[in-house]
Peer 1: 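So that we are looking at the same thing, I have put the structure below in structure tokens.
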2 protein chains.
Amino acid sequence: MKEHKSISIADQIFEQLERDILAGKYQRGEALSELGLAKQLGVSRTPIREAIRRLEQENILQETGRGLLVVGISWEDMMDMYEIRMQIEGLAARRAAERITDAELAAMRDTLDLQRYYVEKGGESNSAQIKNLDSQFHEQLYQNSGSKAYCDTLLSLHKKITKFRMASVSKKSRALQSLAEHETIYQALAAHDGEAAARAATEHVRQARERIRTIETKEN
Amino acid sequence: MKEHKSISIADQIFEQLERDILAGKYQRGEALSELGLAKQLGVSRTPIREAIRRLEQENILQETGRGLLVVGISWEDMMDMYEIRMQIEGLAARRAAERITDAELAAMRDTLDLQRYYVEKGGESNSAQIKNLDSQFHEQLYQNSGSKAYCDTLLSLHKKITKFRMASVSKKSRALQSLAEHETIYQALAAHDGEAAARAATEHVRQARERIRTIETKEN
DNA sequence: TGGTGTATAAGTGTATACAGAAATACACCC
DNA sequence: GGGTGTATTTCTGTATACACTTATACACCA
């Protein structure tokens, strides 16, 4: 379904650098140079520069006048993003519940069913697939809020969170719990119950944060 | 106090295009071309492209594969941004109240006093100055939340709002009311009262939205 | 008259060349 | 030996050239 308009080198580099930075592959404060990246990636500086400008706009890279500084996001930043999402995603869900169409509901239902299929099937090989479907459900929710502002804000936060340190090890029990929460959100949307949708979405983000927090705490 | 690192042409073009797009100088859906902009602005395509990439990242410009599409923001988008800010700015204010230092309080006090000076002095010539100080107060608040996530999110929303259609005609009565609300926020911060700060900040954004809404409604 | 095919124009994507600034290294002088 | 001045290297910023894609216009043919 996705538009494949040839995907320029600049886009690929943007994606790769973003992923690497958010995944923590580069140290916070580490210095990079355009020429260095160009040589390393085997392309000219032009696409590198365009990728860099976008990363700067996202505030995960910073120009210093002489070289680039990796800003990235910290653990605290991510917790804060969850906190912000808890509020905004709830409001977006309320709106979605009030305006969602049957076709949009059916599409979310499909996403949910497919996700359930992969989760119950289990296996590490499907974890990428599951993560994509999880993201897709949220993106559909954002889209169905009908608000560009909500959609843009939430997409930006969600993208950073999902790429953070290759986050969220997929354990089946957690995946099932997350799925159940999605189901609750869906039911509220289907019932066009704004209040319930808002509560469910907020609670889902809160739980997701807790799941991540628990993992990290154990690691450290 | 601001860092003046020579301000590249690319940066200037970014600022200008962003301002023009958000101010409504370009029609929503209007097509632009790199070469056209380059000729019009008398520079090469290189800085144009870098500006465009940043604007794309902000979702106010969109690549179509053949030319650019002006997306901009609509009136509804801006109302939604206020709604989001109502929530997030409240939380940011709560945090700021809990951690703000005396030095930071003094800096906000200075901003406030200077704004009051210009507001009471009156006159259209100072409206730009007043707007800047107003923005500065909010930016200080964001900064003092101590959270990169809150700061980034709020700065992005605030920037778009302030540039929207050259928003907010400055009437002295409204400016005074806004100032009084800033004062309330400041008092809560100074008292390190998180709850009060959150309430005051949220209410201030709500009122700001109402002030804008009233103006627009009269215009249409 | 309508459709098709080609030529042309316009636009983006990428590489490269060049200018200028800034840090660094090194030699020279005291 | 230390400090200073200069040369060199290493960056970024900008312009330009070229490849490639696609829309468009126009002529030709059925």
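In this text the structure is predicted, and so the values were computed from the model without any measurement. A, B, ... follow the sequence lines: proteins, then strands. Residue 1 opens every chain.
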Peer 1: For B:Ile21 and B:Gly72, which heavy atoms make the closest approach, and how far apart are they?
Peer 2: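 Residues B:Ile21 and B:Gly72, closest heavy atoms: CG2-CA, 3.7 Å.
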Peer 1: Atom NZ of A:Lys39 to atom P of C:dA15: distance rounded to whole Å?
Peer 2: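 Those two atoms, NZ and P, are 15 Å apart.
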Peer 1: If I take atom CD1 in residue B:Ile7 and atom C1' in nucleotide D:dT12, what distance separates them, rounded to the nearest angstrom?
Peer 2: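 In whole Å, D:dT12 C1' and B:Ile7 CD1 are 16 Å from each other.
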Peer 1: Please report the distance, rounded to the nearest Å, between CG in A:Leu35 and C1' in C:dC18.
Peer 2: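 Taking CG of A:Leu35 and C1' of C:dC18, I get 14 Å after rounding.
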Peer 1: Send over the distance from B:Leu68 CG to C:dA10 P, rounded to a whole Å.
Peer 2: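 It works out to 17 Å between those atoms.
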Peer 1: Find the distance between NZ (B:Lys131) and CD (B:Gln136) and round it off to the nearest 0.5 Å.
Peer 2: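 It comes to 15.5 Å.
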Peer 1: Tell me which residues in residues 42-49 of chain A put a heavy atom below 4.0 Å from DNA chain C, sorted by number, or none.
Peer 2: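 Residues of residues 42-49 of chain A under 4.0 Å from DNA chain C: A:Val43, A:Ser44, A:Arg45, A:Thr46, A:Pro47.
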Peer 1: Heavy atoms from C-beta onward define the side chain here; which of C:dG13, D:dT12, D:dT14 lies closest to that of A:Glu63?
Peer 2: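 Given the options C:dG13, D:dT12, D:dT14, the side chain of A:Glu63 is closest to D:dT12.
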Peer 1: Using the test ring-ring contact (aromatic ring centres under 6.0 Å, His included), find all partners of B:Tyr26 that sit at least two apart in sequence or belong to another chain.
Peer 2: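 B:Tyr26 satisfies ring-ring contact (aromatic ring centres under 6.0 Å, His included) with no residue once adjacent residues are dropped.
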Peer 1: Could you state the CG-P distance from A:Leu37 to D:dT10, rounded to the nearest angstrom?
Peer 2: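 Those two atoms, CG and P, are 16 Å apart.
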Peer 1: Given C:dG11, C:dG13, D:dT14, which nucleotide is nearest the side-chain atoms of B:Ala10?
Peer 2: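 My answer, after comparing the listed nucleotides, is D:dT14.
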Peer 1: Tell me, please, which residues at least two apart from A:Asp102 pass salt bridge (Lys or Arg N to Asp or Glu O under 4.0 Å).
Peer 2: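 Scan of A:Asp102 (salt bridge (Lys or Arg N to Asp or Glu O under 4.0 Å), adjacent residues dropped) gives none.
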Peer 1: Between D:dT12, D:dT10, C:dT12, which nucleotide has the shortest distance from any of its atoms to the side chain of A:Arg66?
Peer 2: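 When the side chain of A:Arg66 is considered, D:dT10 is the closest of D:dT12, D:dT10, C:dT12.
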Peer 1: Using whole Å, report how far CD of B:Glu34 lies from C1' of D:dA17.
Peer 2: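 So the CD-C1' distance, B:Glu34 to D:dA17, works out to 15 Å.
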Peer 1: Is atom CD of B:Gln140 surrounded by more than 12 heavy atoms (other residues, nucleotides or ligands) closer than 6.0 Å?
Peer 2: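 More than 12 within 6.0 Å, yes.
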Peer 1: What do you reckon, is NZ of B:Lys159 surrounded by more than 12 foreign heavy atoms closer than 6.0 Å?
Peer 2: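 Correct, the count exceeds 12.
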Peer 1: Taking the six-membered ring for Trp, are A:His204 and A:His138 parallel (under 30°), tilted (30 to 60°) or perpendicular (over 60°)?
Peer 2: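 If you compare the ring of A:His204 with that of A:His138, the planes turn out parallel.
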Peer 1: Rounded to whole Å, how long is the line connecting atom CG of B:Leu41 with atom P of D:dG13?
Peer 2: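 It is 18 Å, rounded to the nearest whole Å.
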Peer 1: Between P on D:dA19 and CD1 on A:Ile9, what's the gap in Å once rounded to a whole number?
Peer 2: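 So the CD1-P distance, A:Ile9 to D:dA19, works out to 16 Å.
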